[in-house]
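Note sheet for the following structure.
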Amino acid sequence: MTMEEVQATLQERIAKLLESGEVTTFLAWENGRFPRQTTPLVLSDAAGASKVAWNEYCVNTLSKYTRDLAYRGRVGIVVRGCDARGVIRLINDKEISRDDVYLLGVGCPGMKDMEGNPLKKCTQCRHQNPPVYDEFIGDPVEDHVPENRFAEVEAVEAMSQQERAAYFERVYSKCIRCYACRDVCPCCTCRECFVDARRENWVGKQNNLPENRFYGITRVMHIGDRCIECGECERVCPMDLPLMTMNRKVIRDMNELFGEFEAGMEIGEPTEKLMTYNTNDPEEFM
């Protein structure tokens, strides 16, 4: 099926699901104000299903929205690999249950930016097809396997100590602490983020290098064993920070220490690898 045919089928199925009451809300995309742009779409009536878009510019990962819509009833959502893995992550974190969502799966050919260039986060994606769904619309696509998704990590590790210090100083001096990375991340599910916990005062309100660095590194470690590598944090960053480089550094270290692991691939998987204790774990550091 072409993307146009998949779009028409999605519109038809979403309308029927809403009309029947099987779902009360549906999450998808609609065309935006500009060419080559889409925005997330929240539907609650079948008549609006004709707005649903499916094209190469559906860049937003939708899973995070399900947490705040589940109170309305069952939420339908169009899921690719990244969206489905985000939903699995939320289920495993007990933010939502499997019964809270109805998943229409689609194969993702890789998205593009508004200039028509391949979206960076999609060039590193390993799972174009959703690992879980209730219905699959269209045909699965062949998963793209990046040659080396840790190439940027290795480039930073190859730097001298002084070069790395200068690199991270440049990175975090640009951060404006808008928290867009946190707000879009399906792994950032704390109802009160540590940066907002004013009584403990982990991080002050001022924007400076030490506090920016503390926020960035703490967030990386917080989600390191739960990151689904959707790349949304880096995509939405207004300062173009290489956030996925830091995320993948932790992921690669975990793979080397504890074995190959990918978060968000299976419902019921260990939720936090860094907090899972096994008596056979290596203890060379002791």
Side-chain angles (χ1 to χ4, degrees), residues 10-30 38-49 51-54 58-106 108 127 129-137 179-196 219 222-223 225-233 235-236 262-272:
L10 284 172
Q11 292 173 350
E12 180 181 350
R13 285 297 298 134
I14 290 169
K16 289 181 178 179
L17 287 165
L18 287 167
E19 189 174 14
S20 68
E22 191 166 354
V23 300
T24 58
T25 311
F26 215 99
L27 271 169
W29 305 269
E30 66 176 331
T38 66
T39 59
L41 172 67
V42 180
L43 288 172
S44 56
D45 64 282
K51 297 179 182 178
V52 171
W54 173 243
C58 296
V59 299
N60 298 77
T61 298
L62 300 175
S63 49
K64 184 69 175 278
Y65 298 99
T66 58
R67 186 183 71 163
D68 296 322
L69 292 173
Y71 76 93
R72 298 184 182 183
R74 199 177 193 192
V75 180
I77 175 174
V78 182
V79 292
R80 305 156 294 184
C82 58
D83 308 287
R85 293 179 69 190
V87 169
I88 291 172
R89 183 69 266 154
L90 292 168
I91 292 171
N92 289 342
D93 283 342
K94 296 182 170 50
E95 292 292 322
I96 60 174
S97 73
R98 180 65 178 91
D99 293 336
D100 288 335
V101 289
Y102 191 92
L103 310 177
L104 288 184
V106 292
C108 179
H127 303 283
N129 301 297
V132 63
Y133 53 84
D134 294 295
E135 296 180 49
F136 197 96
I137 307 298
Y179 303 129
C181 55
R182 174 197 68 181
D183 294 340
V184 79
C185 177
C187 304
C188 278
T189 53
C190 293
R191 292 296 174 172
E192 182 182 33
C193 179
F194 78 97
V195 299
D196 298 322
R219 199 187 89 84
H222 191 182
I223 68 161
D225 54 350
R226 297 155 60 241
C227 176
I228 61 169
E229 299 184 68
C230 67
E232 279 289 89
C233 55
R235 182 184 69 83
V236 302
E262 286 187 284
M265 292 301 296
E266 182 181 348
I267 293 174
E269 69 189 7
T271 55
E272 293 181 335

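What's counted below: heavy atoms across the whole structure, side chains too, no hydrogens, waters or symmetry copies. Quick note: residue numbers are just sequence positions, from 1.
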Nearest-0.5 Å distance, [atom1] of residue [X] to [atom2] of residue [Y]:
X      : Y      : atom1 : atom2 : result
Ser63  : Ile228 : OG    : CD1   : 5.0 Å
Tyr179 : Cys193 : OH    : SG    : 7.0 Å
Tyr102 : Ile77  : OH    : CD1   : 14.0 Å
Leu103 : Leu27  : CG    : CG    : 11.0 Å

Side chains of [X] and [Y] in contact at under 4.5 Å (non-hydrogen atoms):
X      : Y      : result
Thr39  : Glu30  : yes
Thr24  : Val75  : no
Arg89  : Ile267 : no
Gln11  : Trp54  : no
Glu19  : Ile14  : no
Ile96  : Val87  : yes
Val42  : Leu69  : yes
Pro130 : Phe136 : yes

Residues in side-chain hydrogen bond (donor to acceptor under 3.5 Å, both in side chains) contact with [X], at least two apart in sequence or another chain:
X      : result
Glu266 : none
Asp45  : none
Ser97  : Asp100
Arg235 : Glu232

TODO: Under the salt bridge (charged side-chain N to carboxylate O under 4.0 Å, His left out) rule, what do Asp83 and Lys64 come out as? Steps first, then yes or no, please.
DONE: CA-CA 9 Å; Asp83 308 287; Lys64 184 69 175 278; over 6 Å; no
Could you tell me which non-hydrogen atom of [X] sits nearest to which non-hydrogen atom of [Y], and how far apart they are?
X      : Y      : value
Asp196 : Arg182 : OD2-NH1, 3.0 Å
Cys58  : Ala53  : SG-O, 3.7 Å
Val78  : Ala28  : CG2-CB, 3.9 Å
Pro186 : Gly86  : CB-CA, 4.1 Å
Val236 : Cys181 : CG2-N, 4.2 Å

Task: Leu104/Leu10 under side chain to side chain contact (heavy atoms under 4.5 Å, CB included): CA gap, chis, key distance, verdict - done: CA-CA 8 Å; Leu104 288 184; Leu10 284 172; 4.0 Å; yes
Hey, does the side chain of [X] reach the backbone of [Y] with a donor-acceptor pair shorter than 3.5 angstrom?
X     : Y      : answer
Asn92 : Gly268 : yes
Thr61 : Cys82  : no
Trp29 : Asn60  : yes
Arg85 : Cys230 : no

Open item on the list: Checking Val52 against Leu41 for the side chain to side chain contact (heavy atoms under 4.5 Å, CB included) test, could you report, in this order, the C-alpha distance in whole Å, the side-chain angles of both residues, the deciding distance, and whether it holds?
Closed with: CA-CA 7 Å; Val52 171; Leu41 172 67; 4.0 Å; yes
Task: Distance-only polar pair, side chains of His127 and Glu262, donor-acceptor under 3.5 Å - done: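 The answer is yes; a qualifying pair exists.
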TODO: Sequence neighbours left out, what passes side chain to side chain contact (heavy atoms under 4.5 Å, CB included) with Cys185? Give chain and number order.
DONE: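 Residues passing side chain to side chain contact (heavy atoms under 4.5 Å, CB included) with Cys185: Cys187, Cys188, Arg219, Ile223.
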Task: Under the side chain to side chain contact (heavy atoms under 4.5 Å, CB included) test, residues paired with Thr189 that sit two or more places apart - done: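 Testing Thr189 for side chain to side chain contact (heavy atoms under 4.5 Å, CB included), a comparison that skips the adjacent residues, returns Arg67, Leu90, Asp93, Glu95, Arg226.
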Open item on the list: Pair Asp134, Arg13 - check salt bridge (charged side-chain N to carboxylate O under 4.0 Å, His left out), show working.
Closed with: CA-CA 12 Å; Asp134 294 295; Arg13 285 297 298 134; over 6 Å; no
